[in-house]
Amino acid sequence: MNLQSAALIIVDVQNDFCTGGQLEVPSGEKVIPIVNRLSPIFPTVVATQDWHPPNHLSFASQHPGIELGQVFDLNGLPQVAWPDHCVEHSHGAQFVKDLDQSHFTSVFKKGTQRDVDSYSGFFDNGGQHSTGLAEFLTEQKIRQIYLLGLATDYCVKFTALDAIKCGFETCLIQDGCRGVDLQPGDSERAIESMKSAGVQVLSSQEIYHDPSQ
Ligand code: VGL
Ligand code: ZN
């Protein structure tokens with residue numbers, strides 16, 4: 001496999017999305033060995049980091065009467081009410097300790113503006129504000145994107161859909177992702193919607209086969 005014009009995008013492998021975190025993704029930390037195995041073989045490695053101000057309006061705590069997991073209207077966009085998570089500079093917002101960051105080319109923070117959420121690593125949920133990721137990848141002459149991380153049904157999904165919209169050939173590394181599954185089946189449905197949009201779905205073994213296994 002020629003990965004010369006490919007980038008690995010590692011979505012939100014942060015403490016709050018792993019076991020014991022504020023917005024725990026079941027078995028979230030299981031993606032770490034896969035990420036660590038793949039990072040060294042990509043010439044460009046980008047990590048995204050969910051990074052919210054303490055009063056971010058995706059937090060249920062900002063909306064008395066709205067319950068966790070409830071969908072409400074936030075400035076005209078449907079918004080899930082989340083627990084406080086990935087508050088800028090907090091422990092929960094840090095990358096997980098066991099994640100090998102030594103191959104990271106660049107980190108893009110998202111969700112930094114109080115009044116709009118940003119699941120995608122490219123644009124906020126309103127599609128108004130770019131994180132700079134698309135421009136960066138274009139500058140690096142990237143044509144293919146390989147995507148993995150947390151969570152399948154939110155940030156991975158919307159990053160993949162925006163990658164397609166931006167014209168990148170986009171592959172999801174399915175065993176390198178885990179989902180929140182607020183509703184049972186959300187992750188499976190997310191994978192179907194990525195496939196319908198043109199995302200190729202593959203397993204980490206198809207990219208890198210460890211001869212010792
Ligand atoms: C995420 C919900 C809220 C994610 C981030 O990384 O998938 N999900 N913020
Ligand atoms: Zn968030």
Side-chain angles (χ1 to χ4, degrees), residues 8-32 34-35 46-63 66-75 77-96 99 107-127 129 131 133 145 147-163 170 172-174 176-183 185-191 193-194 199:
L8 185 69
I9 300 189
I10 304 163
V11 178
D12 298 1
V13 182
Q14 295 167 260
N15 290 319
D16 270 344
F17 297 124
C18 293
T19 300
Q22 296 297 313
L23 206 172
E24 201 171 277
V25 177
S27 304
E29 59 286 344
K30 295 225 169 104
V31 307
I32 296 167
I34 296 172
V35 176
V46 168
T48 66
Q49 196 170 23
D50 210 37
W51 193 260
H52 299 308
N55 60 355
H56 194 257
L57 291 175
S58 73
F59 297 168
S61 61
Q62 298 294 308
H63 307 277
I66 290 180
E67 285 170 33
L68 282 178
Q70 194 179 321
V71 179
F72 64 100
D73 179 287
L74 180 58
N75 302 318
L77 296 173
Q79 174 67 53
V80 178
W82 297 112
D84 293 19
H85 66 278
C86 295
V87 171
E88 54 194 16
H89 307 291
S90 67
H91 172 76
Q94 304 306 316
F95 292 121
V96 178
L99 183 70
V107 174
F108 287 85
K109 291 181 164 51
K110 62 188 181 57
T112 57
Q113 282 179 280
R114 181 182 189 232
D115 57 345
V116 63
D117 210 353
S118 188
Y119 294 146
S120 159
F122 289 94
F123 302 100
D124 65 52
N125 288 4
H129 183 261
T131 60
L133 175 57
I145 284 174
L147 201 68
L148 76 185
L150 307 172
T152 315
D153 38 356
Y154 290 94
C155 291
V156 172
K157 171 184 165 183
F158 288 100
T159 302
L161 296 178
D162 275 349
T170 307
L172 178 78
I173 305 164
Q174 189 171 356
C177 301
R178 290 294 186 280
V180 182
D181 287 322
L182 282 183
Q183 306 293 332
D186 278 354
S187 292
E188 279 156 48
R189 284 187 288 274
I191 288 169
S193 66
M194 287 185 259
V199 175

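When reading the values below, keep in mind they use all heavy atoms of this one structure, side chains included, and skip hydrogens, waters and symmetry mates. In what follows, residues are counted from 1 in the order of the sequence shown. Read the numbers this way: they start at 1 and go in the same order the structure lists the ligands and their atoms.
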Any idea which of Gly179, Cys155, Cys86 brings a heavy atom closest to atom 4 (C) of ligand 1?
Cys155
Taking only non-hydrogen atoms of His85, do any sit less than 4.0 angstrom from ligand 1?
yes
Working to the nearest 0.5 Å, report the span between CG of Asp50 and OG of Ser58.
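It is 7.5 Å, given to the nearest 0.5 Å.
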Using distance alone, determine whether Ala151 and ligand 1 share an N or O pair under 3.5 Å.
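Yes, Ala151 has an N/O under 3.5 Å of an N/O on ligand 1.
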Look at atom 8 (N) of ligand 1 and say which protein heavy atom is nearest, naming residue and atom and giving the distance to 0.1 Å.
Tyr154 CB, 3.8 Å
Mark up the atoms of ligand 1 that fall under 4.0 Å of a heavy atom belonging to Asp50, in ascending order.
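In order of numbering, the contacting atoms are 5 (C), 9 (N).
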Atoms in ligand 1 with a heavy atom of Asp12 nearer than 4.0 Å
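Once the distances to Asp12 are compared, the set is 4 (C), 6 (O).
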Close side-chain approach of Lys110 and Phe122, heavy atoms under 4.5 Å:
no
Within the 3.5 Å criterion, strictly below it, is a donor on Gln62 or Arg114 matched to an acceptor on the partner's side chain?
yes
Verify the distance test for His56 against the Zn ion (ligand 2): any N/O/S atom under 2.8 Å, yes or no.
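No, outside the cut-off.
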Cys86 N/O/S atom closer than 2.8 Å to the Zn ion (ligand 2)
no
Are any side-chain N or O atoms of Asp153 and backbone N or O atoms of Val180, one a donor and one an acceptor, separated by less than 3.5 Å?
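Checking the backbone N and O of Val180 against the side chain of Asp153, a donor-acceptor pair under 3.5 Å is found.
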With heavy atoms and a 4.0 Å threshold, my read on which part of Val180 contacts ligand 1 is neither
Closest to the Zn ion (ligand 2), which N/O/S atom of His52 is it?
NE2
Atom of Asp50 nearest the Zn ion (ligand 2) (restricted to N/O/S, atom name only):
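Nearest N/O/S atom of Asp50: OD2.
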Identify the two heavy atoms, one from [X] and one from [Y], that lie closest to each other, and give their separation to 0.1 Å.
X	Y	result
Phe95	Thr48	CE2-O, 3.6 Å
Cys86	Phe17	SG-CE1, 3.6 Å
Leu148	Leu8	CD2-CD1, 3.8 Å

Applying side-chain hydrogen bond (donor to acceptor under 3.5 Å, both in side chains) between His85 and each of His56, His52, Gln22, report the one that passes.
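Of the listed residues His56, His52, Gln22, the side-chain hydrogen bond (donor to acceptor under 3.5 Å, both in side chains) partner of His85 is His52.
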